[in-house]
Novice: 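The following block contains the structure, expressed as structure tokens.
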Amino acid sequence: MERPRHQGMTKNTYMRWRLPLVCLLWEVAMIVLFGVFVRFGPEADAHWEEEKREMNLTSDIENDFYFRYPSFQDVHVMIFVGFGFLMTFLKRYGFGAVGFNFLLAAFGIQWALLMQGWFHSFKSGKILVGVENLINADFCVGSVCIAFGAILGKTSPIQLLVMTLFQVTLFAVNEYILLNLLHVKDAGGSMTIHTFGAYFGLTVTRILYRPNLEQSKDKQGSVYHSDLFAMIGTLYLWMYWPSFNSAISEHGDAQHRAAINTYCSLAACVLTTMAFSSMLQKKGKLDMVHIQNATLAGGVAVGTSAEMMLTPYGSLIVGFICGIVSTVGYVYLTPFLESRLHIQDTCGIHNLHAMPGLIGGIVGAITAAAATEDVYGKEGFIKAFDFTGTYQTRTPSVQGGFQAAGIVVSLLMAFAGGALVGAILKLPIWGDAAAENCFEDDIYWEVPEDEESDVYHMHNPDKPASP
Amino acid sequence: MERPRHQGMTKNTYMRWRLPLVCLLWEVAMIVLFGVFVRFGPEADAHWEEEKREMNLTSDIENDFYFRYPSFQDVHVMIFVGFGFLMTFLKRYGFGAVGFNFLLAAFGIQWALLMQGWFHSFKSGKILVGVENLINADFCVGSVCIAFGAILGKTSPIQLLVMTLFQVTLFAVNEYILLNLLHVKDAGGSMTIHTFGAYFGLTVTRILYRPNLEQSKDKQGSVYHSDLFAMIGTLYLWMYWPSFNSAISEHGDAQHRAAINTYCSLAACVLTTMAFSSMLQKKGKLDMVHIQNATLAGGVAVGTSAEMMLTPYGSLIVGFICGIVSTVGYVYLTPFLESRLHIQDTCGIHNLHAMPGLIGGIVGAITAAAATEDVYGKEGFIKAFDFTGTYQTRTPSVQGGFQAAGIVVSLLMAFAGGALVGAILKLPIWGDAAAENCFEDDIYWEVPEDEESDVYHMHNPDKPASP
Amino acid sequence: MERPRHQGMTKNTYMRWRLPLVCLLWEVAMIVLFGVFVRFGPEADAHWEEEKREMNLTSDIENDFYFRYPSFQDVHVMIFVGFGFLMTFLKRYGFGAVGFNFLLAAFGIQWALLMQGWFHSFKSGKILVGVENLINADFCVGSVCIAFGAILGKTSPIQLLVMTLFQVTLFAVNEYILLNLLHVKDAGGSMTIHTFGAYFGLTVTRILYRPNLEQSKDKQGSVYHSDLFAMIGTLYLWMYWPSFNSAISEHGDAQHRAAINTYCSLAACVLTTMAFSSMLQKKGKLDMVHIQNATLAGGVAVGTSAEMMLTPYGSLIVGFICGIVSTVGYVYLTPFLESRLHIQDTCGIHNLHAMPGLIGGIVGAITAAAATEDVYGKEGFIKAFDFTGTYQTRTPSVQGGFQAAGIVVSLLMAFAGGALVGAILKLPIWGDAAAENCFEDDIYWEVPEDEESDVYHMHNPDKPASP
């Protein structure tokens, strides 16, 4: 019967006016901005028949919709079910995990359509959207979901919306610097999504450090069925990651190749995760935390290079290493970060996204630097790295250098942005819970009476089970 | 240990001969009818090579399979996992929710292939089926799943099969009137699926009114994990709704546009749902019932207009409004309908499908009436509304009028059909449960001994946990 | 509080060195072999631009990726979520079900890429991989997942990896004999995947017979929520089976036709399963075991013939029969096999895969033998059965005979291979658990303290719920 006792609660977590106000005002802002700026791109516009004639397309199947929509849907599932359910592992924070993820992602994709649109799809005063914009918006929100993993259970929904607003903005700026100014390749987002998202989130959680968090330690674990719910998230992320890394690659061989490389890397990653999960535990038993998370590191780490000629065995090597790095991180690094650096990382995003993201950036830089016309073919070489126009004379090794610069920029943006946003979130106006009420749905959600009470009734002869 | 006590059960819920008889006879009927009528359409028939030559198609990719199969699979997931799991929120009716939904949908798609086939794909005495027929059959069954939501927990599987038989028939007739006689556009089914399905189901549940339903009130709620199972349903419906609304639109820009509009509407809907869920509750906490359902209203409400030039900001506005309408409905209207109008609506389909469906019909009528050649382009205009042949001279405003007529026809069919079917289901031969046994799987399912009994054993020293 | 008591445990289930060693060594072997042999196929290679010119392809959409990738992803979901969650029905073996399935499948797909590659995609010393190879690797692993179903809960992860190694090898050999030597059609794998996989697994479990298994009988059942988790697996298998049976069929009509036939067969199967589940139980109640499994038999049984001109009503008949056969099998045959033949078949794969697989092989042989140029068209006939080259003169009835021979070969390979592998797995070095510890995650997994202990604490005034 014991519901979490709130006797120590001194913080005001009352959401009734604050949350609705933020949601409604921001949504009105979205409508106004969409009204001013967003229109259908040529392939989604009713003028497409004329467009088709102009571009000499003979079939509707040439519409980008048919190249990318299946991948888009897979990515969509990763963001909402993948991340949402991955975070349901906590015994009493399932509603918050899946529900707040839903909220921030639904807001984030709208704001991302605008921010990314201004940078990348702006033509004669309008943002022209198509299926690729939807994928990119989901990608952008993916970096917010990652950061959410670090602060899971410790923030109010308003804080999450504020963080989303800022992080999407910074993401779009960082992405613009990397893709347009540095002319870096990063189709699966090792740098723009994972490195940026994870270090941003880690910086935020560092600034929001809660010294008394051990007061809610009993709720930081999982129960049997919550671990199974989390596996739904894990598996959808794992299965659809080939779609993630190939979703916005060039049509044809690049999409095809990105899917194969990711498939291979992820497969290898599972084996080394299992190996180290068992090896690093005295009793040799497997730990669900590792299986749920470290098995995915292989997908993160080929995010930059999957569309390049990494080759299947190259992908296996990357996956092999990342399963180890990530699992070791969970065992040794997470406790260290918490006790020494005061980084309380609920889901261990440092192990799943930050380190593999860095590795992914580096692998991408090396793969780019090692590219040759022999391996790619003359045309394929130019197409793969888009060495056209101003970049016609760029060499692979220079490209590798720029790729490496992309990692550094992403890190700097993450630290600076995370510090700024962390400071904003620390203001005492957002309604976050006290330390002893963290990881507890009861604060922000109507939680049903559950089995426990039934059981209680069962043993209480005065109150029958079904009155 | 206390299993629900059936002492008050006077109704005969014994299914052993009735259910098998209905299932087997009806399936035999399906086989006979399929044998007489159903054949492969030209794109699924082995003669396709010749067909290709005749139609001057140069590539197999022009087969409709590649335009529509990914969307078909998404719709398929919505019907079986989406609706099935959405309804698992009840604490003791998960088997019935997902299992009966499985049963009625599996029967319904067969009968729908026939009924819709006779109306739309009948050529020289045969129904020629292809992937579009599969999608339409799933759509048709979607309207039955919606009606199921109103009577969830209160009917026997036989009643559900009887309802499916009649509702699919009426759906096909209504669809024929709308699409062929009124020449109305309704690709995502705001009128044919949602308005029809919901008011049909509400009429049925009104006629099946149970005055003593409060006897099973204790089982009408959720438990913590059943709410998480329901979120699986919610999220799959939400994520794949863009596929639903675009699945049978014209190839090319129409499919592309429908997906974008639906994506936008759904995103906006999440924010206003969260806002009003918090605002309408004294403690300001979020209610899972709203999150599970009202977030989807935005998809329903662009079902007619998504393939039109609704534009992204138009979609945001529709989603904005529907999140509010639907959530307010759950808080104020559902109790009112139950107490005053005796409409016991288990899942609140009035809020999720009926009202948003009506809004969707109206938005579609307005969007059609407001269409101009300027916005659509000369060819796009004709293609979007199929203003060819007999309809060559129809103007947008006339089209808008016919769209509005489509709403009225759907409502009339729903009320009349629902009254008829409700009366049939009221016959005392179908094996429905008594009021105190509603919302209880134990009536129709073998239910495993579960944790509760383990717990009991634990405290019972005479009976060890593992004998 | 009572955790399973291990007092009787005499077997050494300590995995700490053995499991990591196997995982790491084998993964290193994969890397070496991939490094030597595996390269991108022409459609995934950066030289694709040149390839396109040579093959006179005018569009990137002609890349096989766009024909098969959506189906690949559906198959991928079936292997990892479908099989994984289907097996979570046991009350205390959810981690093992979904986790070990993950492990063996992740290893299996790598080894299958090699084994199948050597047989089917070997060109100038290299295995050239594309999306079709990924599908085939998933298919191959599907047969291992099936065999896993028979021994679920009774084996160590190392045994599963050893079995995977051998079974994938034997699968590839058997597949080569059927497809290349006998020139048999089996796109959905009734023979190569289901018949082979199931009889292989049944032979293995026969050899691993545990006379004292009733010691863990209390853990062989399900609990309420574990049955719902299992339904996730069931539904994803059911919904995506049309993709499974059509994934590697010829482009165009064959893929289209295979999807339609499978859809029909599965729909019919649900109704006869429900009918017989109710009919064979005294109280007439439905049994979740049947709904979770027998509803899928219709997909298995059209695995060979789905791409042929089976026709929708033919598919309904096959599904009709298989729902009955499979459900009857669960009620009567499984207990018989266990008590008389000492075949302990945890998931009842004999009913879901073995018998329907055999039926599928036979239906395929008959459908092939009955093929005529009239039904298929001259070109379609040649294309459907690939009657070209050496097989130019083969007649349908001869093809039917070879199809039947394929069944026999698959059975022989399964029995011989299963006996060999069973004998290897019987060696006392693999760390399997004692009979009383079967079906218990606690042996190989860190299992969280769960509700039970909370409940216990609740009633224990000396130990507060949250210390």
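Throughout, protein chains are lettered first and strands after them, A, B, ... in sequence-line order, and every chain is numbered starting at 1. In what follows, every heavy atom counts, from backbone to side chain, and hydrogens, waters and symmetry copies are set aside.
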Novice: At a heavy-atom distance under 4.5 Å, which candidate from C:F80, C:F95, C:Y14 has the highest pair count against chain A?
Specialist: C:F95

Novice: With chain C, which of A:C264, A:A384, A:P242 has the greatest number of heavy-atom pairs at distances under 4.5 Å?
Specialist: A:P242

Novice: Give, as side chain, backbone, both or neither, the part of A:V375 having an atom under 4.5 angstrom from any heavy atom of chain C.
Specialist: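 For A:V375, backbone heavy atoms alone lie under 4.5 Å from chain C.
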
Novice: Between C:I232, C:L24, C:L19, C:V38, which residue shows the highest count of heavy-atom pairs closer than 4.5 Å to chain A?
Specialist: C:L24

Novice: Would you call C:K52 and C:D60 a salt bridge, using N to O less than 4.0 angstrom?
Specialist: yes

Novice: Specify which of A:G319, A:P70, A:G380, A:P312 makes the most heavy-atom pairs with chain C at under 4.5 Å.
Specialist: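 Going by pairs under 4.5 Å, I would pick A:P312.
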
Novice: Check whether C:L21 gets within reach of chain A through its side chain, its backbone, both or neither, counting any heavy atom under 4.5 Å.
Specialist: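 Answer is neither: C:L21 stays 4.5 Å or more from chain A.
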
Novice: Go through the steps to decide whether A:S265 and A:I317 satisfy the test side-chain contact (heavy atoms from CB on, under 4.5 Å), and finish with yes or no.
Specialist: CA-CA 7 Å; A:S265 177; A:I317 294 171; over 6 Å; no

Novice: Do you know which of A:K282, A:K283, A:K383 has the most heavy-atom pairs under 4.5 Å to chain C?
Specialist: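 When all of A:K282, A:K283, A:K383 are compared, A:K282 has the most.
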
Novice: Answer with side chain, backbone, both or neither: which region of C:V28 has an atom nearer than 4.5 Å to a non-hydrogen atom of chain A?
Specialist: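 Backbone plus side chain of C:V28, per the 4.5 Å heavy-atom cut-off to chain A.
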
Novice: Donor-acceptor pair, A:H256 side chain versus C:V131 backbone, under 3.5 Å?
Specialist: yes

Novice: Any side-chain heavy atom of A:E62 within less than 4.5 Å of one from A:E43?
Specialist: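 A side-chain contact under 4.5 Å is absent here.
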
Novice: Highest number of heavy-atom pairs under 4.5 Å with chain A: which of C:I109, C:V36, C:V98?
Specialist: C:I109

Novice: Can you tell which part of A:F381 gets under 4.5 Å to a heavy atom of chain C, answering side chain, backbone, both or neither?
Specialist: neither

Novice: Is there side-chain contact between A:M288 and A:M231, with at least one heavy-atom pair below 4.5 Å?
Specialist: yes

Novice: Do you know the tightest heavy-atom contact between A:A247 and A:Q255?
Specialist: O-NE2, 3.7 Å

Novice: Tell me, do A:N293 and A:T234 make a side-chain contact under 4.5 Å, heavy atoms counted?
Specialist: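 No, side chains not in contact.
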
Novice: What's the separation between atom CZ in A:F320 and atom CG in A:L271, rounded to the nearest 0.5 Å?
Specialist: 9.0 Å

Novice: With chain A, which of C:F37, C:W445, C:Y69, C:F85 has the greatest number of heavy-atom pairs at distances under 4.5 Å?
Specialist: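 When all of C:F37, C:W445, C:Y69, C:F85 are compared, C:W445 has the most.
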
Novice: With side chains defined as the heavy atoms from C-beta onward, is the minimum distance between C:N101 and C:M87 less than 4.5 Å?
Specialist: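 When only atoms from C-beta onward are counted, C:M87 and C:N101 do touch, with a gap below 4.5 Å.
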
Novice: Rounded to the nearest 0.5 Å, how far does CG of C:N133 lie from OG of C:S121?
Specialist: 4.0 Å

Novice: Relative to chain A, which segment of C:D74 carries a heavy atom at a distance below 4.5 Å: side chain, backbone, both, or neither?
Specialist: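 Contact with chain A is absent: no heavy atom of C:D74 under 4.5 Å.
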
Novice: If we define contacts as heavy-atom pairs under 4.5 Å, which of A:D287, A:T295, A:L266 has the most with chain C?
Specialist: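 Counting heavy-atom pairs under 4.5 Å, the top option is A:T295.
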
Novice: Pick from A:A267, A:S216, A:G377, A:S59: which one has the most heavy-atom pairs with chain C under 4.5 Å?
Specialist: A:A267

Novice: Kindly indicate whether the side chain of A:F67, heavy atoms from C-beta on, has any atom under 4.5 Å from the side chain of A:D64.
Specialist: yes

Novice: Out of curiosity, A:N437 CG to A:Q215 CD, how far, rounded to the nearest 0.5 Å?
Specialist: 9.0 Å

Novice: Identify which part of C:R53 has an atom lying under 4.5 Å from any heavy atom of chain A, answering side chain, backbone, both or neither.
Specialist: side chain

Novice: So which part of A:S226 gets closer than 4.5 Å to some heavy atom of chain C, the side chain, the backbone, both or neither?
Specialist: neither

Novice: Sort C:F72 into side chain, backbone, both or neither according to what part of it lies under 4.5 angstrom from a heavy atom of chain A.
Specialist: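 When you check distances to chain A, only side chain atoms of C:F72 fall under 4.5 Å.
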
Novice: When heavy-atom pairs shorter than 4.5 Å are enumerated against chain A, which of C:R39, C:M30, C:E446, C:M15 gives the highest number?
Specialist: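 If we count pairs closer than 4.5 Å to chain A, C:E446 comes out on top.
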
Novice: Is the closest basic N to carboxylate O distance between C:D432 and C:K11 below 4.0 Å?
Specialist: yes

Novice: In terms of heavy-atom pairs under 4.5 Å with chain C, which of A:A268, A:A254, A:G221 leads?
Specialist: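 It is A:A268.
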
Novice: Does any heavy atom of chain A fall under 4.5 Å from the side chain of C:F102, the backbone, both, or neither of them?
Specialist: both

Novice: Hey, which of C:F229, C:F107, C:Y444 has the most heavy atom pairs under 4.5 Å with chain A?
Specialist: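 That would be C:F229.
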
